[in-house]
J.: 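Sharing a structure below in C-alpha cells format, with a few things to ask.
Every chain is numbered from 1, with letters handed out A, B, ... down the list of sequences.
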Protein chains: 4
Amino acid sequence: MGSTGPRGRIDKRQAILDAAFTVFAREGYAQAGVDAIAAEAGVAKATVYNHFGDKETLLHEAVGVCADRALTDNLAVVERLAGGEDLRETLEDAGFRFLQCYCDPRSTALRRLLAAEINQFPDLLDIVDGRAADRVTDALADRLARLAVAGRLRIDDPLQAAEQFAALLTGPAATRSRFGTRDVSEEELRSVARSAVGTFLRAFGSVD
Amino acid sequence: MGSTGPRGRIDKRQAILDAAFTVFAREGYAQAGVDAIAAEAGVAKATVYNHFGDKETLLHEAVGVCADRALTDNLAVVERLAGGEDLRETLEDAGFRFLQCYCDPRSTALRRLLAAEINQFPDLLDIVDGRAADRVTDALADRLARLAVAGRLRIDDPLQAAEQFAALLTGPAATRSRFGTRDVSEEELRSVARSAVGTFLRAFGSVD
Amino acid sequence: MGSTGPRGRIDKRQAILDAAFTVFAREGYAQAGVDAIAAEAGVAKATVYNHFGDKETLLHEAVGVCADRALTDNLAVVERLAGGEDLRETLEDAGFRFLQCYCDPRSTALRRLLAAEINQFPDLLDIVDGRAADRVTDALADRLARLAVAGRLRIDDPLQAAEQFAALLTGPAATRSRFGTRDVSEEELRSVARSAVGTFLRAFGSVD
Amino acid sequence: MGSTGPRGRIDKRQAILDAAFTVFAREGYAQAGVDAIAAEAGVAKATVYNHFGDKETLLHEAVGVCADRALTDNLAVVERLAGGEDLRETLEDAGFRFLQCYCDPRSTALRRLLAAEINQFPDLLDIVDGRAADRVTDALADRLARLAVAGRLRIDDPLQAAEQFAALLTGPAATRSRFGTRDVSEEELRSVARSAVGTFLRAFGSVD
DNA sequence: CATGAATGAGTTTTCATTCAT
DNA sequence: CATGAATGAAAACTCATTCAT
C-alpha cells in the first residue's frame, strides 16, 4: 500500500543528506559533484535540487544534521560522568568514550570539512558551535564542578579545567589519528585516556 | 640589461609559490584557480605551468615551503627552552612563543589546508610531518627530559609529557581562535600559556 | 457542491490559455517555463499537461485564441466603415480605431510572438493568417470598393489600396510604438490617422 | 608564416559574430545554444566565451554588427536618391533598392530577432535605432525636402512624407514576404515599388 | 482529473592544460 | 622561457515531461 507514499519523500531527503555528507567529507565541497551525491543517494541529480535548491544549502543542512548527531553522542557521554566509587576509573571510562566520539569517522570528517570550508562559509561555524562544541565543554565543566563540590577534585575554574581535560584527551588522539587518516585502535584510545586522566588527576585530584 | 637574468627566474618562482600558498589557503585546492594564482603572482598562467608542470605539483611545493618555515620557527622556540632561574616563567615564555607560532596566519592556513586536502593528497602528510609536526614534539620532549634529569620536573615518559604540554597549549588556543577565524590577542595567548603551565607544573613539577 | 463540476474544467482551461499567452508573449516560447505558466494560471504543472499534452500544442492553441480575438476586433472596426456625410471624418475615425486594435498590447504581443517563433513553428502563420491578417485586408478592400463604386474614391485596385491604407496607418504607428515598447497616446494615434487619411485622400480622393 | 598570427584572432572573432547572428536569427536567443554557435563558427565553445564573456554580450555585439551593415546599405540607397530627369523612374528605382535592403535575409532576420527579444533586452533597440532605423528615415526626409525645394514635390512635412513613403514600400512588401518566410521575387518588389511611387506621387507630386 | 515528486537530457559557464609565437 | 589564445572535459543548475497517488 502506501509504502512509497509521503514516506518516500522523507526517505529520499535523508538519503540525500547522508550521501551529501559522505561525499563532501570525502572530496571537499568544491571537488564534490552534485552528480556524485545524487548517485550515492540513489536519486536523480534534479531530485537533489528539488529538495535543497542548491549545493550550498545542501552543505549547510548536511553539516547541521551531522553536528546534531555529534552533539547528542557527546552529551550522552558527558552526562553519564558521575562520581562512582573509583574516580580514576570513572574519568578514564568517560575519557575513553569521549575519544570514541571524537575519533568516530563522521566526527573526524566533520572537523576536516569545517576546517576546509570555514573561509568560504563562515556561517558553518555557527551551525556547529551553536549545536555542538561549546555545549559539550559546558556540560563537562558542570560535571567537574559537581565533583569539586563533592570534594573529589580541586578545581578553581571548572570551564578551564574542562577545556584542559578535553585537550589532554583530544590532542594526543589527534596526533595518533593523523588527521583521521589512520584508524586508532580501542587499545590506543584507552591508553591515551589513561595518560590524560593520570596527568589530570595529578593536577586536579584531591589529596585523600 | 640583465635584469631578467637568472635572478628573474628565481624571483618568479618564489612569487608563484607564495601566491599559490596564499590562494590555496584562501580558497582551497579545488576552488583555487591557476588563473588566480598567476594573477596574484603577476605572471601569465602558462608561466606557472612552465615552472611547476601542474596544479598538484604546485600544491605540494607550496605546502613544502610553508612547512619548512613553520618547522624553523617552532624549533627556534623550542630550542630556546632551557631551564632559567624561574622554571614557571621559562615555561610560560616558551609556551607563549609556541602559541604565537601556532596562531600565525600561515600556520593556521597550513593546518586548514592540510585538513582539507588530506583525503585527496595523503602524501601531503608526509611532507609536513617529515618536516614539521613530529620533529617539534621530539625536540620538546628532549628539552623536558633535560629538565627532568636536572631534577626540575618529574617525568616518566618525556614524549608523552611533551604531547600533553603541547595539547594543553594548543587545545584552548584552538577553541579561542575558532579555526583561525578570530584573531587571538597577545593577552589571551599569555593567559592560555599561564593556565597550561600551571596545570602542567601541578602534574609534573618537582616538589622543591 | 458542484463548484468544481464541468465548469471548473473549462475555467481552468481558459485560465491556462490566458496564462500561456501572457507568459509566452512576455518571455518568448523557449524562455517561457511551463512552471511559470502553471503558476500564472494557478494550477499544478501536471494539469497543464493533462489539458494540452505538450508545450508546443499549448503555444498553438494560445496563439489561435488570441488571433481569433484580434480578427473579431479588427472586423468590427472595418465593418463599421461606411460612407457617412463627411468621408474624411469617416476614414479618420476608422483609421483611428484600426490603430487602436493594432496597438493593443495583445495584438502587439501576438505580432512579436509570431515574428519570434515563425522559424521554429511555421504553421503559426497559417493559424494567424487564416484567421486574421488577410481577412481584415480583404474586408477593408470591400469597403473601399463600395466607396469607389459610390464615386467617393477613385480606386483601380481595391486590394492594393487597402494594403496601402493599412500601411500608411500602421507604418508610422509601428515606428512610434518602438516594437510595442512605448505606449502611444490616443492623441498620437489620432494624429497618425489624420496624416494617413490626408495622404490617402490626396492620392485616391475623388475631385468633387 | 605569420598567416595564423594575430590575424587568426580577428578572423575567429568575426567568424563567431557571423555564426552567432546566423544561429540567433534561426533559432531565437533562448533556443540558440552556444554549442551550436561555436560549431557554426568552427571554434571550441570556450573560445566563444574567451571572446565575448557571455551569451548576452554575444547577442548584443552580433546585433550591433548587423545593424551597422544594414545602416550602411540603406544609406547608400537613400543617398543616391537625387532628382534625375524622370522623377517617377528615380523614385521607383530608389524604392526598389530600398526594398531589396528591406527584404535581404539578414535585415529580415534582424527585425525578427529584435521583435523577439525586445522584451528581454530592451537595450537592443538603442543599438539598432541609434545606428539604423531613424537615421535612414532622416536621410530620406532630407532627399525629399530637396526635391520639394526644387519644386518637383509638394511636401509640407518632409519627415512625415518620408515615413509614409517608407510605409507604402515596406507595408505591402512585408505582407508578401510573410515574416520573411517567403522569398519575394525581384518582379514583385518592382511592382510594389511602382504602386507605392504611384500613390506617393498622386499625393505629393507637383502638377507640372 | 488534479497534483507533488522524480527524472533524463540539455544549458551556460568554468578551468586545467596545451600550443604557437 | 614568457605569453596570449584555444580547447576538451566537467560542473552547477534547469526544464519539459512522466508517474503514482
J.: B:E27 CD to E:dT14 P: how many Å, rounded?
T.: 14 Å
J.: Do any N or O atoms from the side chain of A:Q120 and from the backbone of B:R26 form a donor-acceptor pair under 3.5 angstrom?
T.: yes
J.: What nucleic acid atoms does D:A36 come within less than 4.0 Å of, heavy atoms only: base, sugar-phosphate, or nothing?
T.: nothing
J.: With distance as the sole test, does D:Q31 use its side chain to make a donor-acceptor pair with the main-chain N or O of C:Q31 at under 3.5 Å?
T.: no
J.: How many whole angstroms separate atom CG of B:L59 from atom C1' of E:dT17?
T.: 17 Å
J.: Indicate yes or no for a side-chain donor-acceptor contact from B:H51 to the backbone of B:T47 under 3.5 Å, with no hydrogens or angles considered.
T.: no
J.: Give DNA chain E the dot-bracket treatment, 5' to 3': Watson-Crick (N1-N3 with N6-O4 or O6-N4) or G-U (N1-O2, O6-N3) under 3.5 Å, [ ] crossing, | other strand.
T.: .||||||||||||||||||||
J.: Tell me the interatomic distance from B:Q31, atom CD, to E:dT13, atom C1', rounded to whole angstroms.
T.: 14 Å
J.: Do A:F24 and A:V63 touch side chain to side chain, with heavy atoms closer than 4.5 Å?
T.: no
J.: Do B:E27 and A:N119 come close enough that some side-chain heavy atom pair is under 4.5 Å?
T.: no
J.: Which residues in residues 37-58 of chain A have at least one heavy atom lying under 4.0 Å from any atom of DNA chain E?
T.: A:V43, A:A44, A:K45, A:A46, A:T47, A:N50, A:H51
J.: Heavy atoms, side chains only, cut-off 4.5 Å: are D:L59 and D:K55 in contact?
T.: no
J.: If I take atom CD in residue A:Q14 and atom C1' in nucleotide E:dA5, what distance separates them, rounded to the nearest angstrom?
T.: 18 Å
J.: Check for a donor-acceptor pair, side chain of A:Y29 on one end and backbone N or O of A:E56 on the other, with a separation under 3.5 Å.
T.: yes
J.: Distance check needed: F:dA5 P versus D:I16 CD1, whole Å only.
T.: 12 Å
J.: Rounded to whole Å, please give me the gap between CG in A:D35 and C1' in E:dG8.
T.: 12 Å
J.: Under 4.5 Å between any side-chain heavy atoms of B:L114 and A:F179, yes or no?
T.: yes
J.: Are any side-chain N or O atoms of A:R106 and backbone N or O atoms of A:C66, one a donor and one an acceptor, separated by less than 3.5 Å?
T.: no
J.: Rounded to the Å, how far apart are D:R13 CZ and F:dG4 P?
T.: 17 Å
